[in-house]
Amino acid sequence: ILRESWRLARALSLESVPGQEVALRRAEAAVQNDALAPAARVENLRILEFAPFARRADLLYALLDTRQPRELQREAIHQLQREGTHEVAARLISMWRLLGPETRSAAADTLLYKRHNHALLLSALEDSTISLGEMDFHLERRRALLHSKDPEVVRRAQALFTDAGVVTRKDAMEKMKPALKLAGNPAHGKELFTNLCAKCHRMGSEGGDLGPNLTEIYRKSRETLMHDILDPNAAADTKYLAYTIERKNGELVSGLIAEESDAAVAIRDANAVLTSVPRSDIKEMLSGGLSLMPGELESGLDAQAFADLLAYLQERK
């Protein structure tokens, strides 16, 4: 009721609303009160949006901390998105490694879909503050930069990727190209899959569930499969980015974020072991923006062996 009445007052261009300052101070205190239920803190944060941005900006950035309940992180990034200024973009980039998956995805959209942020985004991509894979650069998203009205933005974007796609390991792709012309042995390919991939990926009824299920991957072309295997960080879904949590006792927990609640973050490591860390026990949580999948999985494979692996992946299960 309070928010809607203030919204009406704003629409009527009322300069002063009785009692608003007292209510804003009360909301500010409530948002910072960790003892309150997350839903109550979110409601107060929404009231606080009626305060000038300069007054609440530092609080909003602080609420992006992965130790905060997800609902608060979500509301904070949404308020920052609505501001969408150059200064907000720069601050989000400076905090990038500390952002959780959902917040990072929202921040990426802010950088990509507001033209005044394009130069900042390109600089962050060029110096690897943000990895190309984190931006989910499918064709439509690449074209937000490639088809810019600013020639300098187009030039810088073309140096990173083209309409054809994103490639970060060109040498590895070129070296393994002969495999595309070789007939593969699916039986040997299955052995390679079991040894190299099955711990993380399920194929039909076999394998693990840490990474994406590959049962339907046979629909992809050999070229696409090769790209996905050799260059996993060219397009890494945020839910498959590796995170490291440092607990307050100094212990490190690394892997994928399997579950999140307002109370805890559950990390599943490369051995599929699930560790739940209370948010109150998190000293720091960060991600370098890389997929948990190894970037040099082809090490030790010659072109024929790689052709065998591709042949197995293209068999319908």
Side-chain angles (χ1 to χ4, degrees), residues 27-46 48 56-81 88 90-111 124 128-131 133-134 200 209-211 233 236-293:
E28 200 166 12
V31 170
Q32 298 175 79
N33 185 352
D34 294 340
L36 280 182
R41 294 174 69 191
V42 169
E43 285 300 313
N44 280 280
L45 185 56
R46 289 172 178 159
L48 200 57
R56 56 194 162 89
D58 286 342
L59 177 58
L60 292 175
Y61 293 123
L63 291 173
L64 298 183
D65 191 308
T66 48
R67 291 169 290 189
Q68 295 290 342
R70 272 198 309 170
E71 295 173 61
L72 272 170
Q73 292 181 52
R74 188 179 298 127
E75 178 60 27
I77 191 64
H78 286 170
Q79 289 195 24
L80 289 166
Q81 281 182 304
V88 168
R91 187 73 176 268
L92 290 175
I93 290 172
S94 72
M95 300 174 63
W96 193 262
R97 295 181 70 234
L98 301 173
L99 301 179
E102 186 176 347
T103 305
R104 191 175 291 208
S105 179
D109 287 347
T110 299
L111 297 173
S128 298
T129 299
I130 301 175
S131 69
E134 293 178 271
C200 296
D209 295 312
L210 184 62
N233 292 306
D237 189 323
T238 53
K239 66 182 178 181
Y240 295 117
L241 293 179
Y243 275 80
T244 296
I245 291 177
E246 182 181 356
R247 306 180 83 147
K248 289 183 177 177
N249 65 2
E251 178 187 346
L252 299 178
V253 182
S254 297
L256 302 183
I257 295 180
E259 299 172 17
E260 277 193 277
S261 68
D262 289 334
V265 177
I267 294 281
R268 182 174 282 113
D269 68 16
N271 295 312
V273 175
L274 192 68
T275 303
S276 183
V277 182
R279 289 193 187 271
S280 59
D281 190 32
I282 296 176
K283 180 180 178 181
E284 187 176 58
M285 176 172 155
L286 52 85
S287 171
L290 299 178
S291 165
L292 194 63
M293 182 172 170

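Because the structure is a prediction, the values reported are computed rather than measured.
- The distance from the CG atom of Leu59 to the CG atom of Leu72 is 9.0 Å, given to the nearest 0.5 Å.
- The line from CZ of Arg104 to CG of Asp109 is 13.5 Å long, rounded to the nearest 0.5 Å.
- With sequence neighbours left out, Glu251 forms a side-chain hydrogen bond (donor to acceptor under 3.5 Å, both in side chains) with no residue at all.
- Sequence neighbours left out, not one pair with a member in residues 269-278 passes salt bridge (charged side-chain N to carboxylate O under 4.0 Å, His left out).
- The shortest side-chain heavy-atom distance between Leu80 and Thr110 does not fall under the 4.5 Å cut-off.
- Not counting sequence neighbours, the partners of Ala108 by the side-chain contact (heavy atoms from CB on, under 4.5 Å) test are Trp96, Met135, Arg141.
- Residues passing the side-chain hydrogen bond (donor to acceptor under 3.5 Å, both in side chains) test with Arg91, sequence neighbours excluded: none.
- Across all non-hydrogen atoms, the minimal contact from Ala76 to Leu45 is N-CD2, 4.0 Å.
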Report the C-alpha distance between Gln79 and Leu63 in whole Å, list the side-chain angles of each, state the deciding distance to 0.1 Å, and finish with yes or no for side chain to side chain contact (heavy atoms under 4.5 Å, CB included). CA-CA 11 Å; Gln79 289 195 24; Leu63 291 173; over 6 Å; no
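- Judged by distance alone, the side chain of Gln73 and the main-chain N or O of Gly100 form no donor-acceptor pair under 3.5 Å.
- Contact between Ala30 and Leu36 at its shortest, heavy atoms only, is O-CD1, 3.5 Å.
- Nearest heavy atoms, Pro38 versus Glu71: CB-OE2, 4.0 Å.
- Contacts classified as side-chain hydrogen bond (donor to acceptor under 3.5 Å, both in side chains) and involving residues 29-42 (residues at least two apart or in different chains) are given here: Asp34-Arg41, Arg41-Gln68.
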Check the pair Leu111, Ile130 against side chain to side chain contact (heavy atoms under 4.5 Å, CB included), reporting the backbone distance first and the verdict last. CA-CA 11 Å; Leu111 297 173; Ile130 301 175; 3.8 Å; yes
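- Going from atom CZ of Arg97 over to atom OG1 of Thr244 covers 9.0 Å, rounded to the nearest 0.5 Å.
- Considering only residues two or more places apart in sequence or on other chains, Glu246 meets the side-chain contact (heavy atoms from CB on, under 4.5 Å) condition with Leu252, Lys283, Glu284.
- With rounding to the nearest 0.5 Å, the separation of CG in Leu64 from CD1 in Ile77 is 5.0 Å.
- Rounding to the nearest 0.5 Å places CD of Glu134 at 10.0 Å from OG1 of Thr129.
- Residue pairs meeting the side-chain hydrogen bond (donor to acceptor under 3.5 Å, both in side chains) criterion with at least one member in residues 57-67, sequence neighbours excluded: Asp65-Arg67.
- Between Tyr243 and Leu99 the shortest heavy-atom distance is OH-O, 2.9 Å.
- With sequence neighbours excluded, no residue forms a side-chain hydrogen bond (donor to acceptor under 3.5 Å, both in side chains) with Thr275.
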Can you give me every donor-acceptor pair (side chain of residues 259-268, partner residue at least two apart or in another chain, under 3.5 Å) with its distance?
from	atom 1	to	atom 2	distance (Å)
Glu260	OE2	Arg279	NH2	2.9
Ser261	OG	Ala263	N	3.2
Ser261	OG	Ala264	N	3.1
Ser261	OG	Ala264	O	3.4
Asp262	OD1	Arg70	N	3.1

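- Here Asp281 pairs with Arg247 under the side-chain hydrogen bond (donor to acceptor under 3.5 Å, both in side chains) rule; sequence neighbours left out.
- In terms of the salt bridge (Lys or Arg N to Asp or Glu O under 4.0 Å) criterion, residue partners of Arg46 (sequence neighbours excluded) are, by chain and number, Glu43, Glu75.
- Looking only at side-chain heavy atoms (C-beta outward), Leu48 and Asn44 stay at 4.5 Å or farther from each other.
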